[in-house]
Each structure stands twice: as C-alpha cells, then as structure tokens.
Colleague: 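Got a structure for you, written out below as structure tokens; questions coming shortly.
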Amino acid sequence: MQTSFTLAQLADPDVAESEKILRACVHCGFCTATCPTYVLDGNELDSPRGRIYLIKDMLENDRPATAEVTLHIDRCLSCLACMTTCPSGVHYMHLVDHARAHIERTYRRPAHERLLRAALASLLPYPQRLRLALSAALVGKPFAALAEAVGLKRLAAMLRLAPWRGPHRPLAPQTFKAPGPRKGRVALLAGCVNDVLAPQINAAAIRVLNRLGIEVVVAEGAGCCGSLVHHMGRERQALVQARTNIDAWTAIDGLDAIVITTSGCGTTVKDYGFMLRADPIYAERSAKVASLAVDITEYLAELPLEADENALGLVVAYHAACSLQHGQRVTRQPKELLVKLGFVVRDVPDGHLCCGSAGTYNILQSDIARRLRDRKVRTIERVRPDVIAAGNIGCITQIATGTKLPAVHTVELIDWATGGPCPPALGKHRPQLAMRPSAAAG
Ligand code: SF4
Ligand code: SF4
C-alpha cells in the first residue's frame with residue numbers, strides 16, 4: 001500500500017512504525033475471511049482491511065479520530081486472527097494499538113462512555129479494588145436480566161461475568177520452593193483478574209512446577225501486565241504497569257523464565273520490548289523480560305511430565321484462546337500435553353474465531369461478544385466434550401456463561417493428571433463423569 005506521510009510525521013517513532021506496517025499491506029483481503037466481526041456482519045469497515053484503511057486515512061492526514069473511525073476500531077477484538085491469515089506479514093497488532101492510543105488522545109467519547117471506561121481502567125487492574133467491586137456485584141447479580149430488560153446491557157454483561165461466589169484474595173509475594181534439588185527457578189505473573197476470579201489456576205501451575213523441581217517466585221511489586229488498559233488506548237497507564245513489572249522481575253536473580261497462565265497477559269508481556277523500545281532506561285530490560293516470558297504450556301512442554309491416573313480418557317474440547325494461538329503462536333503444546341497425560345483432545349470447529357471475551361470487549365461491546373460466545377458454545381458442544389479447556393481466564397469466564405459444560409484452565413487438567421486435586425469446576429460434575437463408558441472401562 002502506498003503511503004504519503006511527511007518527514008516530520010515520520011520523525012515520530014510510532015508513526016514510522018505504523019507507516020512500515022501500512023506499506024506491507026497489499027489489500028488482498030485474505031484476512032477478511034477469518035475476522036470475527038466481518039464474519040458476523042460482512043461490513044468491510046469491520047474487517048481488518050477496512051480498519052487498516054480507516055487508520056491510514058486518520059494517521060496520514062494527522063486527523064483527530066472521528067466517531068466513525070472510533071466505532072469500527074472499538075468493534076475490533078484485537079483477536080489477531082488477521083495476523084495469522086495475512087500472507088504479507090502485516091503487524092496489525094501494533095497498528096491497531098497505535099490507532100487506539102490516537103483515538104484516546106484525540107476523540108472525546110460521550111460522558112457515559114468515558115465514565116465506564118474510567119471505572120474499568122481504575123478497577124480491573126487492581127486486585128484489591130476488583131475484589132470490592134466483585135463483592136458488590138454479588139448483590140446485583142440476580143438482577144442481571146432486569147438490567148438487560150431496561151436497556152442497561154453493559155451493566156448486565158458485567159453482572160453475568162461476575163462469579164456467584166465471593167472474590168478471592170490475590171496471591172501474596174512469596175517463593176514456592178520445590179521439594180528436593182532445585183531444577184529451575186521462574187517468576188509467575190500472578191495477574192489481576194485471573195488471580196481474584198480463579199486462584200485455582202495459579203495454584204495448579206505452582207503445584208505442577210514444584211512437582212517438577214521448579215522454584216516459583218511471585219515477585220514483590222509485580223501486578224497487572226497492562227494489557228487491559230493498553231487495549232483501551234490508555235498508553236501511559238499501560239506503560240507504568242509494564243515498567244513496574246520490569247522493575248519487579250529484574251530485581252530477582254537467576255530466573256529461567258517468567259511463566260504466565262493468562263495468555264492475554266502473555267501476549268502483552270512478550271511485547272514489552274516493543275512497547276518500551278524508545279525508553280532509554282527500560283529498553284534493554286524490557287527486551288530481556290519479553291525474551292523470558294513464556295506461556296505455562298510452553299514451559300511445561302520442555303519438562304518430563306508423568307501421568308497419574310486421573311485423566312481416564314476424559315474428552316477435552318480445547319478452546320485455543322486468540323491471544324495464545326494468534327498472539328503468541330502457541331498452538332501445539334497445550335494439546336500435546338493433554339494427550340500425553342491421557343486426555344482425549346478434540347479441536348473445536350472454526351477454532352480460529354474468537355469467543356468474544358477479548359479483555360473488556362465483552363463488557364464494552366456486549367452484543368457482538370454475546371453473538372460470538374453463542375457461536376463458540378455451539379461449535380464446542382458439537383464435539384461432545386466432558387470438559388472445555390483454555391489458557392485464558394477471559395475465555396473461560398466468557399464461555400462458561402453460555403454453557404453447562406465445565407470450563408477449566410489447561411494447567412488445572414495437567415495438575416490433576418499429574419497428582420493434583422480435581423479442578424473445582426470439574427468436581428461438581430464428577431458423578432456424571434464417573435458414569436461415562438470410558439471412565440467405567442478405565
Ligand atoms: S491479508 Fe494482509 S495484506 Fe491482505 S488485506 Fe489483509 S492485512 Fe492486507
Ligand atoms: S484483530 Fe480480530 S477483530 Fe480485529 S481486525 Fe483482526 S481479525 Fe478482525
């Protein structure tokens with residue numbers, strides 16, 4: 001694609017990067033076929049190619065974002081399916097991140113929208129505040145349908161996503177020593193939403209790692225990775241959170257890896273080197289942190305895991321989180337680990353399509369998110385699984401609101417199959433699972 005940025009514009013490193021990305025696009029449109037929003041509605045402006053044109057026009061002409069551009073960029077899930085499909089290597093993620101930051105700087109949203117976004121940005125990344133909000137949501141949760149009926153769709157979406165039980169305490173900074181000789185040392189990103197909503201995920205990861213002789217450090221000072229606000233265009237807040245984590249992790253000696261159990265966070269931490277490339281104090285350390293970041297399944301795939309007897313041929317529908325399959329290109333390891341441990345893994349048809357979770361998307365774009373969820377649940381149920389596994393708390397929560405099937409993190413199954421406890425979501429279904437023919441045969 002031809003571009004016409006001036007030299008003065010190109011002096012801005014973000015504009016220079018976006019110009020490079022825009023030039024790589026050859027308008028072929030292959031990406032449209034795998035874009036969830038285009039697949040739903042067939043509107044070119046809600047396709048990657050359409051959005052690329054809108055972003056080009058806005059940046060090239062140095063224009064403030066319009067309501068129309070904002071609408072179509074807001075509808076983008078940042079699922080990155082378009083990056084997997086694109087034959088020209090267009091780095092859509094960095095382009096849309098730049099566009100979101102430009103929108104945040106130059107577009108004044110309606111007051112109610114600003115208020116909601118400010119509330120999400122000041123609650124979600126902070127576990128203690130999130131706990132308070134979730135406690136309040138427990139009271140409001142029975143009224144989700146009423147909120148929907150009177151048109152408060154986003155409030156209804158938030159209430160539906162909130163769990164029926166009280167929130168958990170976030171993991172305190174500490175070191176989990178492995179019994180026996182130490183074979184490795186990793187930092188674990190405890191995360192924000194993940195840790196408050198589903199502490200069993202990190203607990204399972206810690207048990208599996210410790211069992212394999214790996215010491216796990218939850219670093220003092222580390223917190224939200226920044227992705228929630230990054231995807232809302234709140235660049236400054238995201239960079240503060242990234243720097244805080246970099247300080248926390250680089251203060252620890254002898255780390256082999258930074259292990260992440262939420263793939264949305266993993267994609268962002270792996271991008272820290274790019275996000276802070278122009279920061280003279282953090283550029284080098286951010287690149288180091290990014291190079292150490294791994295998804296839990298990437299790390300476990302290199303270790304000698306041995307199966308216990310718990311899997312019993314349980315049929316797992318593996319839902320590939322977009323951030324894991326498209327953002328990090330981790331596709332093989334989660335499924336191979338589950339198969340190795342005795343589970344029967346079934347791919348979900350149209351597995352490249354997002355479930356609609358996407359950070360705060362299922363709140364901010366609740367209608368599209370629900371349509372994507374319903375579509376995802378239909379395809380999952382078609383493979384008749386006993387359980388759904390995914391590598392991202394967002395997907396697990398989103399999918400669980402649309403099905404009676406248990407949804408768990410992949411590492412919970414790995415832990416269970418290697419001697420850990422049964423995942424809580426599966427525990428409720430154990431009597432039915434025990435009646436299955438494969439279980440009886442086992
Ligand atoms: S597939 Fe790639 S090159 Fe083709 S239109 Fe989409 S982004 Fe551009
Ligand atoms: S990131 Fe996902 S929703 Fe956004 S343009 Fe690409 S494929 Fe479409």
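Atoms within a ligand are numbered from 1 in the order they appear, just like the ligands themselves. Bear in mind that the values here come from a model prediction, so they are computed numbers and not experimental data.
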Colleague: Out of S78, C76, C354, who is nearest to atom 4 (Fe) of ligand 2 when you count heavy atoms only?
Modeller: C76
Colleague: Looking at atom 6 (Fe) of ligand 2, what's its closest protein heavy atom, distance included?
Modeller: C82 SG, 2.4 Å
Colleague: Would you say T37 and R51 are linked by a side-chain donor-acceptor pair, where the criterion is simply a distance under 3.5 Å?
Modeller: yes
Colleague: Taking only Lys NZ, Arg NE, NH1 and NH2, and the carboxylate oxygens of Asp or Glu, determine whether R332 and E298 approach each other closer than 4.0 Å.
Modeller: no
Colleague: With heavy-atom distances below 4.0 Å as the criterion, list the atoms of ligand 2 near L80.
Modeller: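 Numbered from 1, ligand 2 contributes 1 (S), 2 (Fe).
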Colleague: Side chain to side chain donor-acceptor pair (under 3.5 Å) for H98 and D14? Distances and angles first, verdict last.
Modeller: CA-CA 7 Å; H98 183 194; D14 291 334; 5.1 Å; no
Colleague: Write out the residue and atom name of the closest protein heavy atom to atom 5 (S) of ligand 2, then the distance separating them to 0.1 Å.
Modeller: R51 NH1, 3.1 Å
Colleague: Which residue supplies the protein heavy atom nearest to atom 2 (Fe) of ligand 2, what is that atom called, and how far is it?
Modeller: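 It is C79 SG, 2.3 Å.
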Colleague: With atoms numbered from 1 as shown, which atoms in ligand 1 lie under 4.0 angstrom from a non-hydrogen atom of I52?
Modeller: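 Ligand 1 atoms under the 4.0 Å threshold to I52: 7 (S).
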Colleague: If we set the cut-off at 4.0 Å for heavy atoms, which region of Y38 has an atom near ligand 2: side chain, backbone, both, or neither?
Modeller: neither
Colleague: Give the ring-plane orientation class for W416 versus F343, where under 30° counts as parallel, over 60° as perpendicular and anything between as tilted.
Modeller: tilted
Colleague: What are the two closest non-hydrogen atoms of T34 and A81, and how far apart are they?
Modeller: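 The pair with the smallest heavy-atom distance is O-CB, 3.4 Å.
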Colleague: Answer yes when E113 and R117 have at least one side-chain N-carboxylate O distance shorter than 4.0 Å, and no when they do not.
Modeller: yes
Colleague: For a quick test of reading the model, state the closest non-hydrogen atom pair linking R160 to A145 and the distance between them.
Modeller: NH2-CA, 3.9 Å
Colleague: Note the single closest protein heavy atom to atom 3 (S) of ligand 2, along with its residue, its atom name and the distance in Å.
Modeller: L77 N, 3.4 Å
Colleague: Between Y107 and H102, does the ring centre distance come in under 6.0 Å?
Modeller: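 Y107 vs H102: aromatic centres not under 6.0 Å.
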Colleague: What's the spacing between I201 CD1 and I296 CD1 if we round to 0.5 Å?
Modeller: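 So the gap between those two atoms works out to 11.5 Å.
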Colleague: Could you report the tightest heavy-atom contact between I399 and I388, atom names first, then the distance?
Modeller: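 That would be CG2-CD1, 3.8 Å.
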Colleague: Around atom 4 (Fe) of ligand 1, how many protein N, O or S atoms are found at less than 2.8 Å?
Modeller: 1
Colleague: For atom 8 (Fe) of ligand 2, find the nearest protein heavy atom and state the residue, atom name and distance (0.1 Å precision).
Modeller: C35 SG, 2.3 Å
